[in-house]
Student: 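Below are the structure tokens for one structure; questions will follow.
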Amino acid sequence: MFDVTVIEDPAAAEASLDPIRARLLAELADPNSATMLAAKVGLPRQKINYHLKTLEKHGLVELVEERRKGNVTERVMRATASSYVISPRALAGVQPDPSRSPDRLSARWLLAVAARLVSDVGLLITGAAKARKRVATFAIDGRIRFASAADRAAFAEELANAVTTLASKYHDEATEGGRDHRVIVAVHPSVDQHTQES
């Protein structure tokens, strides 16, 4: 089971968004059978089986084992990941495109860049899994508290200059066999529990 999986297929995204199936995915962090899930969720086993088959068809759950109980074979399933992210590729025609209106101070542009990040990293993970390789990535996630808007603006300017200097130092357009990498640095207000609830 993966920690996070990116859903790229529109049909799989639709299947995962059904409230019953989303609940089953959460319950299937640990292996369970339809009978066990029916008791937890309060639905008939046949209905649970229907939803499990749909989730399995889209690769969101997998068979762990089959147990023989009398004349019945009980299938024990589990989710293929602990959590899922739906790629903007699932909404192909309307996925965000940061090149439409680049503005490094726009929250909507930041959202479009983040959507591209999810899409790109999802594709890289999928390709690496097929090739049985790892994806070389690096991320920093931290918090900073600014005393004023002027301090925030000064920080953003210094950060942009530092990243530009580093990129100039290491960027090599001519090396044969080199590989392009995307660098994304973002600063946005933190969202805390209180903000999420209001």
Side-chain angles (χ1 to χ4, degrees), residues 1-43 47-65 75-98 107-108 110-143 181-198:
M1 176 187 287
F2 297 111
D3 289 335
V4 181
T5 291
V6 178
I7 299 172
E8 296 172 350
D9 176 53
E14 183 181 357
S16 72
L17 291 172
D18 175 90
I20 294 171
R21 292 178 191 145
R23 168 92 190 271
L24 293 177
L25 285 172
E27 293 290 345
L28 287 169
D30 296 314
N32 273 303
S33 68
T35 304
M36 295 159 62
L37 289 168
K40 288 182 179 182
V41 177
L43 291 172
K47 192 164 190 170
I48 297 293
N49 269 327
Y50 166 77
H51 289 297
L52 288 176
K53 284 179 184 171
T54 301
L55 291 170
E56 186 178 22
K57 173 183 162 187
H58 294 293
L60 301 172
V61 299
E62 62 190 0
L63 180 66
V64 175
E65 66 175 303
R75 300 179 83 226
V76 178
M77 310 294 288
R78 82 167 165 210
T80 54
S82 299
S83 56
Y84 299 87
V85 175
I86 296 176
S87 172
R89 288 183 188 280
L91 299 169
V94 293
Q95 70 178 319
D97 181 0
R108 295 191 188 280
L110 174 57
L111 191 59
V113 169
R116 181 180 61 199
L117 174 68
V118 168
S119 182
D120 288 354
V121 174
L123 283 175
L124 289 168
I125 288 171
T126 301
K130 287 178 183 172
R132 297 184 187 276
K133 293 184 177 182
R134 295 184 63 172
V135 180
T137 62
F138 171 75
I140 297 174
D141 181 21
R143 294 175 72 124
H181 284 70
R182 185 173 299 280
V183 177
I184 297 172
V185 179
V187 176
H188 64 83
S190 293
V191 178
D192 59 18
Q193 189 63 34
H194 176 72
T195 310
Q196 290 179 31
E197 291 170 355
S198 55

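Just so it is clear, the values below take in all heavy atoms, side chains as well, and ignore hydrogens, waters and symmetry mates.
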Student: Minimum heavy-atom separation for Ala38 and Leu43, please, with both atom names.
Tutor: CB-O, 3.1 Å
Student: Restricting to pairs with a member in residues 53-64, which pass salt bridge (Lys or Arg N to Asp or Glu O under 4.0 Å), not counting sequence neighbours?
Tutor: Glu56-Arg75, Glu62-Arg78
Student: Do you know which of Asn32, Leu25, Asp30 makes side chain to side chain contact (heavy atoms under 4.5 Å, CB included) with Leu28?
Tutor: Asn32
Student: Taking the side chain as everything from C-beta on, heavy atoms only, tell me whether Met77 gets closer than 4.5 Å to Leu37.
Tutor: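 When only atoms from C-beta onward are counted, Leu37 and Met77 do not touch, as no gap falls below 4.5 Å.
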Student: Any idea which heavy atoms bring Pro88 and Ala115 closest together, and the distance?
Tutor: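 Closest pair (atom of Pro88, atom of Ala115, distance): CG-O, 3.3 Å.
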Student: Can you list every pair that meets side chain to side chain donor-acceptor pair (under 3.5 Å) and has a residue in residues 4-21, with sequence neighbours left out?
Tutor: Arg21-His51
Student: Before giving the answer on side chain to side chain contact (heavy atoms under 4.5 Å, CB included), spell out for Leu123 and Arg89 the whole-Å C-alpha distance, their side-chain angles and the decisive distance to 0.1 Å.
Tutor: CA-CA 10 Å; Leu123 283 175; Arg89 288 183 188 280; 2.6 Å; yes
Student: What's the shortest heavy-atom distance between Ser87 and Ser119, and which atoms?
Tutor: OG-CA, 3.6 Å
Student: Specify the closest pair of heavy atoms between Asn49 and Ala34, including all atoms of both residues, with the distance to one decimal.
Tutor: OD1-CB, 3.3 Å
Student: Between Thr80 (side chain only) and Phe2 (backbone N and O only), is there a donor and an acceptor less than 3.5 Å apart?
Tutor: no
Student: Find out whether Val121 and Val135 are in side-chain contact, i.e. whether some heavy atom of one side chain is under 4.5 Å from a heavy atom of the other.
Tutor: no
Student: Going from CG on Asp120 to OG1 on Thr137, what distance comes out if it is rounded to the nearest 0.5 angstrom?
Tutor: 12.5 Å
Student: Run the numbers on Val6 and Thr126 for side chain to side chain contact (heavy atoms under 4.5 Å, CB included), then give the verdict.
Tutor: CA-CA 8 Å; Val6 178; Thr126 301; 5.9 Å; no
Student: Return the CG to CG distance between Leu52 and Leu24, rounded to the nearest 0.5 Å.
Tutor: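 Result: 5.5 Å between the selected atoms.
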Student: Just grab all the salt bridge (Lys or Arg N to Asp or Glu O under 4.0 Å) pairs involving residues 31-40, residues at least two apart or on different chains.
Tutor: Glu27-Lys40
Student: At their closest point, which heavy atom of Arg143 faces which heavy atom of Ser190, and how far apart are they?
Tutor: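 Between these two residues, the closest heavy atoms are NH2-CB, 3.5 Å.
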Student: In Å, rounded to the nearest 0.5 Å, how long is the span from OG1 of Thr54 to CD1 of Ile20?
Tutor: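 Atom-to-atom, Thr54:OG1 and Ile20:CD1 are 11.0 Å apart.
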